[in-house]
Colleague: 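First the structure, then my questions, so here it is.
Throughout, numbering of the chain's residues begins at 1 and tracks the sequence.
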Amino acid sequence: MKRYLPLLMAIVSGAAHAGYSATLTTPSYLVEIQVRCEEGAVTCDDVSYQGINRKTGTRIKLRGKTLHSLCADGVTPCRFIGYAFNNKGVTYQVDDDGHLLVMQGKKVLVDEQGEWD
């Protein structure tokens, strides 16, 4: 039994943190989002973004979190609205409706609507 314990723990750990992934395709980018939190978690701070520029093939990998609107109490997260990622002063936001917004401060670098696969 002792030799199977690491395998059993890996299976249980994998099931608890199974998460999900989704791919967004916009005119210029292919974005894969992976959420690695326990099933049923309302918020998640373990989300990855892998973006590929469809014209140049340039890739970027980022870590981020889910975004939610707040309930009436102003504290409790209510409705899921998307994902947020930061990289050296550049903010990437991917909304649940397929909108990709990339900003550097107040300057819009990318503003594209896409479709989830």
Colleague: Less than 4.5 Å apart, any side-chain heavy atom of Tyr29 and any of Ile52?
Modeller: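 A side-chain contact is absent here, since even the closest heavy-atom pair is not under 4.5 Å.
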
Colleague: Any heavy-atom pair between the side chains of Tyr83 and Asp96 that's under 4.5 Å?
Modeller: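 A side-chain contact is absent here, since even the closest heavy-atom pair is not under 4.5 Å.
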
Colleague: Which pairs, with at least one residue in residues 92-116 and sequence neighbours excluded, count as a ring pair (Phe, Tyr, Trp, His ring centres under 6.0 Å)?
Modeller: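 Residue pairs with at least one partner in residues 92-116: Tyr49-Tyr92.
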
Colleague: Can you name the residues that form a side-chain hydrogen bond (donor to acceptor under 3.5 Å, both in side chains) with Thr66, not counting sequence neighbours?
Modeller: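 Checked Thr66 against side-chain hydrogen bond (donor to acceptor under 3.5 Å, both in side chains); zero matches.
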
Colleague: Please list, chain by chain and in numerical order, all residues satisfying salt bridge (Lys or Arg N to Asp or Glu O under 4.0 Å) with Arg59, sequence neighbours excluded.
Modeller: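 Counting only residues at least two positions away or on another chain, Arg59 forms no salt bridge (Lys or Arg N to Asp or Glu O under 4.0 Å).
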
Colleague: Which pair of non-hydrogen atoms, one from Lys106 and one from Met103, has the smallest distance, and what is that distance?
Modeller: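 Scanning both residues, the minimum pair turns out to be O-CE, 3.5 Å.
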
Colleague: Are the charged groups of Asp46 and Lys65 less than 4.0 angstrom apart, N to O?
Modeller: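 Salt bridge: no.
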
Colleague: Take Leu30 and Thr23, measure what side chain to side chain contact (heavy atoms under 4.5 Å, CB included) needs, and give me the verdict at the end.
Modeller: CA-CA 7 Å; Leu30 185 65; Thr23 302; 3.5 Å; yes

Colleague: Determine whether Thr25 and Asp117 make a side-chain contact, defined as any pair of heavy atoms from C-beta on separated by less than 4.5 Å.
Modeller: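 The answer is yes, as the side chains (C-beta and beyond) meet within the 4.5 Å cut-off.
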
Colleague: So, for Cys78 and His68, which heavy atoms are closest and what is the spacing to 0.1 Å?
Modeller: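 So the two residues come closest at N-CB, 4.4 Å.
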
Colleague: Does a side-chain heavy-atom distance below 4.5 Å link Thr26 with Val31?
Modeller: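 Thr26 vs Val31: side chains apart.
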
Colleague: Show the nearest heavy-atom pair for residues Val42 and Pro77, with the distance to one decimal.
Modeller: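 Between these two residues, the closest heavy atoms are CG1-CG, 4.0 Å.
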
Colleague: List the steps and the verdict of side chain to side chain contact (heavy atoms under 4.5 Å, CB included) for Val47 and Phe85.
Modeller: CA-CA 9 Å; Val47 181; Phe85 307 87; 3.7 Å; yes

Colleague: Any side-chain heavy atom of Ser48 sitting closer than 4.5 Å to one from Arg36?
Modeller: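 They are in contact (side-chain heavy atoms under 4.5 Å apart), so the answer is yes.
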
Colleague: Using side chain to side chain contact (heavy atoms under 4.5 Å, CB included), reason through Ile60 and Thr58 one step at a time and then give a plain yes or no.
Modeller: CA-CA 7 Å; Ile60 189 168; Thr58 304; over 6 Å; no

Colleague: Side chains of Leu67 and Gln93: closer than 4.5 Å at any heavy-atom pair?
Modeller: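 A side-chain contact exists here, since the closest heavy-atom pair is under 4.5 Å.
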
Colleague: Please say which of Val90, Val108, Asn87 ends up in a side-chain contact (heavy atoms from CB on, under 4.5 Å) with Val102.
Modeller: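 Output: one option passes, namely Val90.
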
Colleague: Considering only heavy atoms from C-beta outward, does the side chain of Pro27 approach that of Glu112 to under 4.5 Å?
Modeller: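 Sidechains of Glu112 and Pro27: in contact.
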
Colleague: Working note: Leu101 + Val110, criterion side chain to side chain contact (heavy atoms under 4.5 Å, CB included); need CA distance, chi angles, decisive distance, verdict.
Modeller: CA-CA 5 Å; Leu101 181 63; Val110 176; over 6 Å; no

Colleague: Using a strict threshold of under 4.0 Å (side-chain N to carboxylate O), is an ion pair present between Asp45 and Arg63?
Modeller: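 Not counted as a salt bridge, because no side-chain N and carboxylate O are separated by less than 4.0 Å.
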
Colleague: Are Asp95 and Ile81 packed together at the side-chain level, in the sense that at least one heavy-atom pair is separated by less than 4.5 angstrom?
Modeller: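 Sidechains of Ile81 and Asp95: no contact.
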
